[in-house]
Amino acid sequence: MTRKLTGLTASRRAVLQGAGAGLLTAGFVAPIWAQAAPIKLGFQLHRTGIGAAYGRWYERTAQAALKMVNDAGGINGRPVEIVFEDDGTDPKRGAEVVEKLTRQHNCDLIFGPLFSHVVIGSAPRAGELKVPYLVCSEGFHVAGGKLNRWSMQPGITDVRAQVQSMAPWVLANLGKKVTMVFPDYAFGHDHRDYFTAAVEAGGGKVLAQIAIPPTETTFTRYMPQIPTDTEVLYHVMVGPAVLTFVKELGEFYGSGAKPQIFGFIDSLEAVDMASPGLEFLEGSHFWEGHCRNKQPDAPDYEATYRAAVGVDDNGASVSDPKDISTYGHMFSVWETLHIIKAGMESAGYQGAADRQKFVEAVEAMTVIPASLAHVQGEKVFNGKTHQVFGLQFISRVEGGKLVKVHTSSMEDGMYPDAVDFSTQSF
Amino acid sequence: MAAVMETIALTRHFGGLRAVDGVDFRLTQGQIHALIGPNGAGKTTFVSLLSGRIPVQSGQILLEGKEITHLPAHARVHKGVAYTFQITSVYPRLSVFDNVALAAQSRSPKDVAAQVAEALAHVGLTGMEALLAGTLSYGHQRLLELAMGLALRPRVLILDEPTQGLAAGEIEGFKRLVRSLVPQTTVLLIEHNMELVMDLADQITVLNFGQILASGTPAQIHGNAAVQDAYLGGHHAAH
Amino acid sequence: MSFGPFLLLALLEGTVMAAVLALTAVGLSLVFGVMRVVNVAHGEFFMVGAVLAWFVTTYLPFPPALSWLVALIIAPLIVAAIAALADTLILKRLTYDPEATIVATIGILYMLQQAVLTLYGPDARPVPAPFEWRIQTPWFGYSGYKLFVVAASGAILTAVWLFMTRSRAGLVMRATQVDRDIARAFGINVDRVYAGTFALGAGLAAVAAVLIVPIQQAHYLMGHDPLLLSFVVVIIGGLGSIRGTLVAALVIGLSDGVISMFFSPTLAKILATLLVAMVLVFRPQGLFGAKA
Amino acid sequence: MKVWALHLAVVAALFALQFVLPPYHATNLARIMVLAVFAMGYNIAFGYTGLLSLGHAVFFAAGMFGMGLPVWHLDWTALPALITGLAAGGLVAGAVGLLALRTAGVSFMIVTLMFAQAGYLLLLYFGAVTGGDEGFVVETSSRSVFGWNLSEDGPRYVAALTLFAAALLSCLWLVRSPFGRVMVAMRENEDRSRMLGYNPFRVKLIALVMSGLYAGAAGAVYGLLFGYVGATFATIQYSILPMLYVLLGGAGTVLGPLLGAAVVFYLIDITSAFTDAYFFVVGASLVALVLFAPKGILGTIRERVAAWLP
């Protein structure tokens, strides 16, 4: 305890992991780093709790991005360190972790959280501490105006834009009568609200909205609620029971007639497409934030990225082909770190005093071209809503692999600004 | 003579066991009344019904002419019926003062300390206020129990086997104490110690198989052959 | 879907749920009945059983059916051993004081859960079913394995019932349930009976888990739901009454599928939870148990 | 006198600590003080009256949402919202108590657990009003009391300390009052207390409502000081934590909850740096406490050296 009260002890494990890459290359590539104090980035990580399956891959992606940034000379010529702190996927602990990263580890900024309730629970504290808080969450909370000027989402498109840009293609190619199955909490409600609106705007009809409680472990009994005249079944599930859901869907339809199936890859994130019981997905479609199976038209840097994060061409860990990554989402960590680098360099970031300058520098970003740093593709950042917009992919399951059949346009995902953070005070 | 407490056809069965079976009973104001009978005769059940620890099945209980049959136990205490337990039931982890204060403040929140001092003085435990009740000797715990009963300033004080486990010398003191309570308080005593009962009681009621076998003065009870048969059983036969 | 097939599916699902519930809850009921211990860690014994099944099926080089069978034997044995150890090291020393044991089993809950998190990790992992067989009706398909689960649960529950009513060990357990002191006076080693009962209760949870894990996934937080559901079943059936537990499992399993068609499932869960509270308040012997 | 001096000294020391501690630990201490008030409420029910509840999370959440919902939907200012939060904690405790107190012991634990679970699910079910699983942010503009902006470190610490001091001193007064004596009597022997003229149901209900007021106040202030209101605070974990704080610090001691909350907070904070399984510590301490130190830290100290400790 006394040791703790001095405020000096860092998270041992976190420093070992986070600093490892940076310090190694420090002596190697750029000897001047010997004098330069490192830039410390705090990572709010879902290492335990309900978000842990994502957290593991987010940590791995962050390590890979860190290595790449340090290998390329760090940020403003300074080495970079990441301090990881587990938030247990809990909003109370999340706010405490923001505090710890900022005040005990003296991190320059914080990034990385995915689950919305953690983001919403932690963002107020980040705002009070005036520390930039870059979330990798997909939630509509940032652009929805719920948070504050210190919170941004520059690494991944939000749910609203994702679902909205799916609607035109789904209506044109799969059918007009849609039934939606989604988890009965905020993330699912965003899907429900924005996809329904987009379907109706496109002349289609949502026949039924089936909300499933997040604690549910068996789903078959919900399936008779799917109207028989459904042309498209839209599904998105999250959490440890995702595989059960998809398997039971397959059992339910069996070899009988079934509607077109369109799912968000969230329903199968970190799940092997070759799992027994998933054969029925053959020919169905998925939204993908980033194509899990390497596509023939993939740019060169896609291979570099996969090698860096240790993922093979099928989206599995290179060390274990059954260990599937959260490939459709984890690029957001990679890209966020590169936004941090770009923002800090453009702001001439020196230390904590320049945090506001950093936020303003990110707000000033607009078009972000595709590159290794932005491996998922071209993006447009909206400085007013603090939300980035990007391209979305639709893939079809062919021979157990996800084959890209459609890329949305940037405009498909655009919607009117709900907030203008740039006019708010810091 | 006025009855302070009265029961009419009071009944309580447990399954097939008729623990208390149609008892009509009068407790006369200002007396020491003893309730005797063999083990299992229903004495403790009977006083539990009086004090409200066990709900009545049928019949009535009157306190100074007013019906209290279905009044909960704690409300009867406020009406003036106090009960001390067969097995010493002080709060062992609380101080002697707190034990008595709990009783005193239940009656009146005013001047608790003075009331406590008075009750402790009455039973001769003055000076032990700060001790934990659980550290007292058994005899002292019984006295403390009695002090708690007194601090309630009851009209009817029910003592369930108060001398059980007391040394002979302590019993003498106990007798003096109980005598000093009447006639302000009416005492109902369950006792096995016949010598004590004969010496102390103004009136005796004998219960057997849940019914009243006999009732009268000590002399009357002493001469009652039915009581001798039922209660003293083999002892009588040996004569 | 028209009403007939709809009902058929609801009944099928209800039967599976009832079987699973009965199997999960019977251990909890047994432990409460014999030992008067409310085992809050019951769900974690279930979870450990499922995780052990994953380890066994993953690391044994046998075909799925065989390695699953091995898991069905090994996992409950290991879980039972853990439970017996917990009983001897912790519960016995608390002399089975009801409130202290609840606090202690909450502690055991966290310890088991976190130990699994460390050794197994946070991912949900599938365990292959011993066989893949799908029944196709004209209206919907159904998992043949789920029907197997119903049959297996029935067999196991029958075995438990026979054990309790016919075997000497069962007799000893029931004697201890009636009166621990008298049982001791008759020379029954109550300590061993308790350890055995606790182990048996936990082992049954693990058996249920191994049966169910092919239709769910093994995950370190999966014990929460079975625990709450077991509570619901055991309390509505009457604490400690095994027959009541079975009846309640059947009623709740069958009605749940139907109820959640008409109400929101969250609302159904709220109502079930409140029902449990009300049963404890107003009818502590349970809805189906005999009056104590 | 010694007793009041000790407790006032603790309050004074806590006041002084804000100038000494590094800001990280000062904010932690502000959190700990509010959580300690929650635990004090738990202690009134469990430590003093013997009511072992597994549902206190719902009282804390009632206070939090009782404060947060009027601020969010009706644009209330902080002060009246704090009062509704406090009242919500007491009301929910009263409603739960009216039913749950008809049971005792193990049944009481399960009934309170079930009510709390139902409360959590209700928060999710009425997500449109409560923010559901995501919860909601309490706007900084609504977080001022008497012109003090509670989102700033200094005022926040003082506000937490004010609540803590008020709770500590009123708790001290309560347990040394005649009613405090009756609560303890109820814990020690309910049957005997009834025969001294106390209505057990009434005494326990009053104790539970006071406990709920403490928990509600803590929930309301926690939401206000840290700017977030969410349904996770109604989960079972937040019923178990105050129990752990109280068992560790010492059930039935006035300062135990503060000590317990502080030790558990730093146990988790420190061990999370070394292992993912930091909740193992929570489980192991629960087991160790019931096995080896059922009286907790201060309870043991009181027994061995300082019998005067309230």
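Letters A, B, ... mirror the listed sequences (proteins, then strands); counts begin at 1. Quick caveat: nothing in here was measured; it's all calculated off a predicted structure.
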Subject >> Closest heavy-atom pair and its distance - A:Pro124, D:Gly227 >> reply: CG-O, 3.5 Å
Subject >> Pairwise side-chain contact, A:Arg103 with D:His25, heavy-atom cut-off 4.5 Å (strictly under) >> reply: no
Original post:
Got a sec: does the CZ of D:Phe19 have more than 12 other heavy atoms crowding it under 6.0 Å?
Top reply: yes
Original post:
If we only count heavy atoms from C-beta on, is the D:Gln237 to A:Lys92 side-chain gap below 4.5 Å?
Top reply: no
Subject >> For the student: nearest non-hydrogen atoms of D:Pro23 and A:Glu99, plus distance >> reply: O-OE2, 4.3 Å
Original post:
Quick one: what part of D:Tyr222 sits under 4.5 Å from any heavy atom of chain A, side chain, backbone, both or neither?
Top reply: side chain
**OP:** Check each atom of A:His141 against the heavy atoms of chain D and say whether the ones under 4.5 Å are side chain, backbone, both or neither.
**Re:** side chain
Original post:
Quick one: salt bridge (Lys or Arg N to Asp or Glu O under 4.0 Å) partners of A:Arg149, sequence neighbours excluded?
Top reply: A:Glu363
Subject >> Close side-chain approach of A:Gln104 and D:Asn28, heavy atoms under 4.5 Å >> reply: no
Subject >> salt bridge (Lys or Arg N to Asp or Glu O under 4.0 Å) contacts touching residues 129-140 of chain D (sequence neighbours left out) >> reply: A:Lys146-D:Glu134
**OP:** Side-chain contact test, heavy atoms from C-beta onward, threshold under 4.5 Å: evaluate it for A:His117 versus D:Tyr228 and give yes or no.
**Re:** yes
Original post:
What residue, out of A:Asp86, A:Val118, A:Asn148, has the most heavy-atom pairs lying under 4.5 Å from chain D?
Top reply: A:Asp86
Original post:
Where is the tightest heavy-atom contact between D:Tyr278 and A:Asp87, given as atom of each residue plus distance?
Top reply: OH-C, 4.2 Å
**OP:** Tell me, out of A:Gly121, A:Ser116, A:Gly88, who's got the most heavy-atom pairs with chain D below 4.5 Å.
**Re:** A:Gly121
Original post:
Shortest non-hydrogen contact from D:Asp276 to A:Thr48?
Top reply: O-CG2, 3.5 Å
Subject >> Interface residue of largest heavy-atom contact number with chain A, from D:Gly132, D:Ser151, D:Gly135, under 4.5 Å >> reply: D:Ser151
**OP:** Test A:Arg125 against D:Thr27 for side-chain contact (heavy atoms from CB on, under 4.5 Å), laying out the working first.
**Re:** CA-CA 11 Å; A:Arg125 193 67 197 120; D:Thr27 313; 3.8 Å; yes
**OP:** Could you look at D:Thr232 and say if it's the side chain, the backbone, both or neither that has a heavy atom under 4.5 Å from chain A?
**Re:** side chain
Subject >> Rounded distance [0.5 Å steps], OH in D:Tyr24 versus CG in A:Leu101 >> reply: 8.5 Å
**OP:** Among the options D:Phe226, D:Tyr125, D:Phe279, D:Tyr238, pick out the one with the most heavy-atom pairs lying under 4.5 Å from chain A.
**Re:** D:Tyr238
**OP:** Against chain A, label D:Leu29 side chain, backbone, both or neither, depending on which of its atoms sit under 4.5 Å from a heavy atom there.
**Re:** neither
Original post:
With chain A, which of D:Thr140, D:Asp153, D:Val138 has the greatest number of heavy-atom pairs at distances under 4.5 Å?
Top reply: D:Asp153
Original post:
How about D:Ile268 and A:Glu96: do any of their side-chain heavy atoms sit closer than 4.5 Å?
Top reply: no
